[in-house]
Amino acid sequence: MMKTLIITGASRGIGAATARLAAENGYAVAVNYNRNQAAALSVVEDIHSAGGTAEAICADISTEKGVLHLFSETDRLLQGQLAGLVNNAGILETQMRLEDMDIKRLERIFTANITGQFLCAREAVKRMSTRHGGSGGSIVNVSSLAAKTGAPNEYLDYAASKAALDALTIGLSKEVAAEGIRVNGVRPAFIYTDIHADGGEPGRVDRIKESIPMKRGGTPQEVAEAIVWLLSDKASYTTGSFIDLAGGR
Ligand code: NAP
């Protein structure tokens, strides 16, 4: 039976690269998306063309209803034992200082970047923990280097949400370590994806790259490689750990 893997926000960017690589590594992949169905279907089509197994599942992970739908649809469509979750979906909003942030923005960021990840981790633990009759598994939380820098003048809210995700990684890794589940995080930064356009600066990586020790931005594939390694049995003694993918920053 194939191992089933849920990747939230897999219609583009880091999530899409991780979905393709995980499928190459033998996972049956639930390619979650929120709005961009065409992009998610194109990821699934690429996986099918390469001989892999995947299903696109529309669900807004910032709502409990969406999270429950994502997991029940994965159970129904992919049927194998859930072996992993990549908590990848995340949003940022236009760069601004704290005094200009209104409550609606803070609620959107914290719900999409913290609450949704807690709910997805909860549903994954219910299926994977040996305490609940599961066979164990692996969770990878996609954080950000911003959790350590705080992202001043740009997005303190986003940085704080990623710091919360890091706390989830540390605490949950200990809570479920004896139940066959490993929980780790990656902290990318300066990766060439469309998220920077959402922050109001599509060319952000190129603006910053001279200040990065490696003098370049990263690719979604480079982040996917770390995520798939953490998911795999090759990382079998690694839990509560983080891999920074930030060119030396
Ligand atoms: P991206 O290109 O903007 O892709 C975001 C993905 O998340 C899309 O597939 C989007 O789906 C999905 N998504 C957003 N809100 C969702 C929701 N409520 N429910 C379900 N799916 C949702 O982003 P990315 O750059 O690949 O980033 C992926 C992760 O890496 C994020 O957590 C981000 O914070 C983190 N990260 C990225 C960078 C970077 O430099 N790119 C750096 C540090 C951390 P739809 O388009 O279908 O709505």
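When a ligand or atom number is given, it counts from 1 through the structure's own listing order.
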Just by distance, do the side chain of [X] and the backbone of [Y] share a donor-acceptor pair under 3.5 Å?
{"X": "Arg127", "Y": "Gln81", "value": "no"}
{"X": "Asp233", "Y": "Ser236", "value": "no"}
{"X": "Lys209", "Y": "Gly217", "value": "no"}
{"X": "His132", "Y": "Val125", "value": "no"}
{"X": "Thr74", "Y": "Ala30", "value": "no"}

For ligand 1, note which part of [X] has a heavy atom under 4.0 Å away: side chain, backbone, both or neither.
{"X": "Ile61", "answer": "both"}
{"X": "Ala59", "answer": "backbone"}
{"X": "Asn88", "answer": "both"}
{"X": "Gln37", "answer": "neither"}
{"X": "Arg187", "answer": "neither"}
{"X": "Ser143", "answer": "backbone"}
{"X": "Asn32", "answer": "side chain"}

What protein heavy atom sits nearest [atom], and how far off is it?
{"atom": "atom 30 (O) of ligand 1", "result": "Val142 CG1, 3.3 Å"}
{"atom": "atom 41 (N) of ligand 1", "result": "Thr193 OG1, 3.1 Å"}
{"atom": "atom 18 (N) of ligand 1", "result": "Asp60 OD1, 2.8 Å"}
{"atom": "atom 43 (C) of ligand 1", "result": "Pro188 O, 3.1 Å"}
{"atom": "atom 8 (C) of ligand 1", "result": "Ser11 OG, 3.6 Å"}
{"atom": "atom 13 (N) of ligand 1", "result": "Ala89 CB, 4.0 Å"}
{"atom": "atom 16 (C) of ligand 1", "result": "Asn34 CB, 3.8 Å"}
{"atom": "atom 3 (O) of ligand 1", "result": "Arg12 NH2, 2.7 Å"}

Fill in: Min N/O separation Tyr33 to ligand 1 under 3.5 Å
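The answer is no, given that Tyr33 and ligand 1 share no N or O pair closer than 3.5 Å.
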Worksheet item: Quick one: does Gly9 get an N or O within less than 3.5 Å of an N or O on ligand 1?
Response: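 N/O-N/O distance below 3.5 Å exists for this pair.
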Worksheet item: Does CZ in Arg97 sit with more than 12 non-hydrogen atoms of other residues, nucleotides or ligands closer than 6.0 Å?
Response: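 For Arg97, atom CZ is not crowded (no more than 12 foreign heavy atoms under 6.0 Å).
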Where ligand 1 meets [X] - atom numbers and elements under 4.0 angstrom, heavy-atom basis:
{"X": "His196", "answer": "39 (C), 40 (O), 41 (N)"}
{"X": "Ile91", "answer": "14 (C), 15 (N)"}
{"X": "Ile14", "answer": "26 (O), 30 (O), 37 (C)"}
{"X": "Phe190", "answer": "40 (O)"}
{"X": "Asn36", "answer": "45 (P), 46 (O), 47 (O)"}
{"X": "Arg35", "answer": "45 (P), 47 (O), 48 (O)"}
{"X": "Ile191", "answer": "39 (C), 40 (O), 41 (N)"}
{"X": "Gly13", "answer": "2 (O), 26 (O)"}

Practice prompt. Considering non-hydrogen atoms only, spot the tightest contact between Thr8 and Cys120 and give its length.
Written response: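 Shortest heavy-atom contact: CG2-SG, 4.0 Å.
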Is the shortest heavy-atom distance from the side chain of [X] to the side chain of [Y] under 4.5 Å?
{"X": "Val186", "Y": "Pro188", "result": "yes"}
{"X": "Val29", "Y": "Thr53", "result": "no"}
{"X": "Glu93", "Y": "Asp198", "result": "no"}
{"X": "Val142", "Y": "Val86", "result": "yes"}
{"X": "Leu70", "Y": "Ile6", "result": "yes"}
{"X": "Arg105", "Y": "Met96", "result": "yes"}
{"X": "Glu123", "Y": "Leu68", "result": "yes"}

Taking only non-hydrogen atoms of [X], do any sit less than 4.0 angstrom from ligand 1?
{"X": "Gly218", "result": "no"}
{"X": "Ala112", "result": "no"}
{"X": "Tyr158", "result": "yes"}

Discussion item. Pairing donors with acceptors under 3.5 angstrom, does anything connect the side chains of Ser211 and Arg249?
Written reply: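 Their side chains do contain a donor-acceptor pair, which is all the 3.5 Å distance test asks for.
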Worksheet item: What is the distance from atom CE of Met128 to atom CD of Glu179, rounded to the nearest 0.5 Å?
Response: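 Met128 atom CE to Glu179 atom CD measures 10.5 Å (nearest 0.5 Å).
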